[in-house]
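Encoded as structure tokens, the structure appears first; notes follow it.
Treat the numbers as computed from the prediction; the structure is a model and nothing was measured. In what follows, chains are A, B, ... by sequence order, proteins preceding strands, each numbered from 1.
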Amino acid sequence: GAGVSQSPSNKVTEKGKDVELRCDPISGHTALYWYRQSLGQGLEFLIYFQGNSAPDKSGLPSDRFSAERTGGSVSTLTIQRTQQEDSAVYLCASSLVVAREEDNEKLFFGSGTQLSVL
Amino acid sequence: ILNVEQSPQSLHVQEGDSTNFTCSFPSSNFYALHWYRWETAKSPEALFVMTLNGDEKKKGRISATLNTKEGYSYLYIKGSQPEDSATYLCAHAHAGGTSYGKLTFGQGTILTVHP
């Protein structure tokens with residue numbers, strides 16, 4: 001597709017259940033990021049992929065959170081045993097980083113998954 | 001400044017007014033400053049990425065300036081229109097970070113332009 005695609009757009013789940021959030025980045029973008037925005041907070045970095053590897057997972061808030069990327073394309077963020085504090089908008093972004101050049105460093109965001117944990 | 005701070009938190013202006021917002025960020029180990037516009041029910045959209053002190057960028061009626069020595073950036077909108085209503089986010093990339101896109105975001109400035 002032309003842009004970053006995320007699914008589902010909305011997810012309501014019960015506390016303790018596992019959820020999977022999907023991101024399909026722009027074709028050819030090697031860098032992929034997950035961010036989240038909790039109520040009243042700024043966007044918070046979760047994890048960065050370069051190709052299929054994740055050199056920076058420093059933003060994942062607990063070991064209940066994991067992510068993978070396959071084929072240098074689609075990524076899945078999994079949250080196990082969801083808690084109410086996991087409720088947030090989860091945003092995926094991709095970028096084309098060929099060389100150090102300002103326009104290449106712009107992030108292209110999806111429209112997010114609104115996760116509500118009851 | 002340890003975090004990225006934006007002011008004001010929200011702003012209401014009339015159509016045709018010009019307006020500006022401020023972003024403050026850590027001046028040490030600076031790599032880049034990003035501005036994004038996030039309209040309700042849409043994806044955040046990149047406006048500018050700036051890396052050089054003194055840089056000034058323009059896109060239509062929107063422009064931005066950057067002062068890396070003192071750690072601030074201004075975003076200006078000339079002749080605001082209702083379609084400019086959105087949350088404007090700035091984000092800082094730290095030199096020595098693992099990637100260009102690992103950003104620390106401010107909480108945003110919510111702009112409402114009244115017809």
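- No more than 12 heavy-atom neighbours from other residues, nucleotides or ligands sit within 6.0 angstrom of CG on A/L39.
- Across every non-hydrogen atom of A/G110 and B/P44, the tightest pair is O-CD, 3.9 Å.
- In this structure, A/L46 is not a member of the same hydrophobic cluster as B/F105, with clusters built from ILVMFWY side-chain heavy atoms closer than 4.5 Å.
- One hydrophobic cluster holds both A/L107 and B/L89 under the rule that ILVMFWY side chains link at heavy-atom gaps under 4.5 Å.
- Side-chain atoms of A/Y48 do not come within 3.5 Å of backbone N or O of B/K102 as any donor-acceptor pair.
- Considering every non-hydrogen atom in both A/L91 and B/W38, the closest pair reads CD1-CH2, 3.6 Å.
- Only the backbone of B/L47 has a heavy atom closer than 4.5 Å to any heavy atom of chain A.
- Nearest approach of A/E105 to B/Y31, heavy atoms of both residues: OE2-OH, 2.8 Å.
- If you measure heavy-atom distances from A/S9 to chain B, you find no contacts under 4.5 Å at all.
- The two residues B/Q107 and A/Q41 make their nearest non-hydrogen contact at NE2-CA, 3.6 Å.
- Here B/G101 is the residue among B/G108, B/A46, B/G101 with the most heavy-atom pairs under 4.5 Å with chain A.
- The part of A/Q37 that comes within reach of chain B is its side chain, from C-beta onward, which places non-hydrogen atoms under 4.5 angstrom from that chain.
- Counting heavy atoms of neighbouring residues, nucleotides and ligands inside a 6.0 Å radius, atom CD of A/E85 exceeds 12 of them.
- Following chains of ILVMFWY side-chain contacts shorter than 4.5 Å, one can reach B/L75 starting from B/L66, so the two form part of one hydrophobic cluster.
- Heavy atoms from other residues, nucleotides or ligands lying under 6.0 Å from CD of B/E83 number more than 12.
- Follow the hydrophobic side-chain contacts under 4.5 Å out from B/L103 and you reach A/F109 in the same cluster.
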